[in-house]
Amino acid sequence: MSPSAASADADTVISALLECGMIAVKSEVRRIVSIAGGVSCDVYRVDLPGRSVGVKRALPRLRVAAEWNAPVERSAYEVLWLRRAQAWGARAPHVLASLPDRNLFVMQWFDAAAHPVWKAELLAGRVDADFARRVGAALALVHNRSSADDTVARDFASDELFRQLRISPYLDATTVEHPDLAARIGALAASLARTKVALVHGDVSPKNILCAAEGPLFLDAECAWHGDPAFDAAFCLTHLLLKALKLGTRASRDACGAFAGAWLDDAGWEEAAALSRRTAPLLAALLLARVDGKSPVEYLNASERAFVRRFARDFLHLPAENGDDIDALKHMWFERLDSR
């Protein structure tokens, strides 16, 4: 966590809180703290009398090494996802106020001690396979409920946003580094873009999930989109497999299986076997993207990145029609880990 917000940022936050009626006078704000680590947005914790709230503002340029611009209008889709997911029974912060013209909203704040970030828990070796199962089940709940909701296609027609935030920086950018895989990854990107099934969160990463006794709490739905739910599962499994590589524990392997099993078992929008076969190659492409795309993970060393690169390339070079699914990919991944 960084120190108190700079004066200009503090003025922006206070002005927004006054505009949306969260405070009546400036003196109600006790402290504004800028939260470190945000790539795509500014996040502030604002201490008010008797409570704290979060203020989130989308950035036009993401904080990564490569140039990566994105429409700030994504903030409105995030607000919609948070509200819709809660209505369906998933856990997410309550949106307390929204200022779409400022691409900013105010949300419920959670105490860090009682709601640790899942990524931090995993990297510290505190791996709970049952929690991973609950994440998979909660994700399937959103996918199931949204697949049956006729308003989702209208409210989340964010195809261009998803292309700029996910398809281009992850899949398209990876083909620049691996031109021999351009046709394979390009076909995956095209399939992803045209598959319209359910409401996709778009950033189901352990860094965007808080752990609580009641179950997982989802944050940061800036990439919300009516599309292919396989993306959410593949995106989360990418992180779980990479944590398993880093940790090398039995529990980390169990977490991968628990998440995938729960999500597939609860998939009511389509036949699970076909869904698993569609997800596996996308998962392999995203693994490669996390070492050679625009947003590489920060915790792998050179040897580990080389392992990921070899594995993903080998899997993507398999014939597209061979029917390999998530279980086949996991088996291949952990078999290679054991033989390193």
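This chain uses plain numbering: 1 for the first residue, then up along the sequence.
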Answer whether the closest heavy-atom distance between the side chains of [X] and [Y] falls below 4.5 Å.
X    : Y    : result
H317 : R184 : no
S252 : L122 : no
H178 : L316 : no
W109 : V46  : no
S146 : F156 : no
M332 : E335 : no
P93  : L217 : yes
V29  : L48  : yes

Enter the distance from [X]:[atom1] to [Y]:[atom2] here, rounded to the nearest 0.5 Å.
X    : Y    : atom1 : atom2 : value
R313 : L287 : CZ    : CG    : 14.0 Å
M107 : S98  : CE    : OG    : 12.0 Å
F110 : L210 : CZ    : CG    : 7.0 Å
R57  : Y44  : CZ    : OH    : 4.5 Å
L165 : C223 : CG    : SG    : 4.5 Å
D9   : D42  : CG    : CG    : 6.0 Å

Sub-3.5 Å donor-acceptor pair from the side chain of [X] to the main-chain atoms of [Y], do we have one?
X    : Y    : answer
D232 : G202 : yes
R290 : S295 : yes
K246 : Y299 : yes
T174 : Y170 : yes
R134 : E214 : yes
R305 : L300 : yes
E222 : E78  : no
R30  : S27  : yes
N144 : D266 : yes
T279 : A234 : no

Passes side-chain contact (heavy atoms from CB on, under 4.5 Å), L275 versus R278? Steps please. CA-CA 5 Å; L275 177 62; R278 190 169 77 253; 3.5 Å; yes
T175 and side-chain contact (heavy atoms from CB on, under 4.5 Å): which single residue from I185, L181, D180 fits?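 That would be I185; it is the only one of I185, L181, D180 passing the side-chain contact (heavy atoms from CB on, under 4.5 Å) with T175.
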Option passing side-chain contact (heavy atoms from CB on, under 4.5 Å) with V55 (candidates T12, V43, L17):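 Considering T12, V43, L17, a side-chain contact (heavy atoms from CB on, under 4.5 Å) with V55 is found only for L17.
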In this structure, would [X] and [Y] fall into the same cluster of hydrophobic residues linked by side-chain contacts under 4.5 Å?
X    : Y    : value
F334 : I326 : yes
L18  : V53  : yes
L123 : V117 : no
L247 : V291 : yes
F259 : L219 : no

Is any side-chain N of the basic residue among [X] and [Y] closer than 4.0 Å to the acidic one's carboxylate O?
X    : Y    : value
K56  : D220 : yes
D47  : R45  : yes
R253 : D338 : yes
D150 : R154 : no

Show me the pairs that pass ring pair (Phe, Tyr, Trp, His ring centres under 6.0 Å) and involve residues 73-92, at least two apart or across chains.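 Only W81-H201 qualify under ring pair (Phe, Tyr, Trp, His ring centres under 6.0 Å).
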Set out, in order, the CA-CA distance, both residues' side-chain angles and the distance that settles side-chain contact (heavy atoms from CB on, under 4.5 Å) for L82 and F105, then state yes or no. CA-CA 11 Å; L82 294 173; F105 66 94; 4.0 Å; yes
Is it the case that atom NZ in K196 sees more than 12 heavy atoms from other parts of the structure closer than 6.0 Å?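 Counting neighbours around NZ of K196, more than 12 heavy atoms of other residues, nucleotides or ligands fall under 6.0 Å, so yes.
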Tell me if the NE2 atom of H331 is crowded by more than 12 foreign heavy atoms within 6.0 Å.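 No, NE2 of H331 has 12 or fewer neighbouring heavy atoms, counting only those of other groups under 6.0 Å.
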If you apply the rule side chain to side chain donor-acceptor pair (under 3.5 Å), what do you find for S15 with R102, and how did you get there? CA-CA 11 Å; S15 173; R102 292 185 181 227; 2.9 Å; yes
Is the closest side-chain donor-acceptor distance between D149 and T151 under 3.5 Å?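 T151 and D149 do have a side-chain donor-acceptor pair below 3.5 Å.
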Classify the side-chain pair R340/S303 by whether it contains a donor and acceptor separated by less than 3.5 Å.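 No, no side-chain donor-acceptor pair sits under 3.5 Å.
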Once the angle between the rings of H143 and W269 is folded into 0 to 90°, is it parallel (under 30°), tilted (30 to 60°) or perpendicular (over 60°)?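 Taking W269 first and then H143, their aromatic rings stand perpendicular (interplane angle over 60°).
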Side chain to side chain contact (heavy atoms under 4.5 Å, CB included) involving D101 - partner list, sequence neighbours excluded: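 Testing D101 for side chain to side chain contact (heavy atoms under 4.5 Å, CB included), a comparison that skips the adjacent residues, returns E19, L99.
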Intermediate values then yes/no, side-chain contact (heavy atoms from CB on, under 4.5 Å), I32 and I14: CA-CA 9 Å; I32 301 174; I14 291 171; 3.8 Å; yes
Over-ring placement of R166 relative to F231, 6.0 Å and 45° cut-offs: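 Because its charged atom misses either the 6.0 Å distance or the 45° angle limit, R166 does not stack over F231.
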What do you reckon, are the aromatic ring centroids of W333 and F307 less than 6.0 Å apart?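 Yes, they do, as the ring centres are separated by less than 6.0 Å.
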How close do A273 and E271 get, heavy atom to heavy atom, and via which atoms?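 It is CB-OE2, 2.8 Å.
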Compare every heavy atom of I167 with every heavy atom of A193, then report the nearest pair and how far apart it is.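 A193 and I167 have their closest heavy atoms at CB-CD1, 4.0 Å.
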CA sep, side-chain torsions, deciding dist, call: L288, R309, side-chain contact (heavy atoms from CB on, under 4.5 Å): CA-CA 6 Å; L288 191 57; R309 194 174 289 119; 3.9 Å; yes
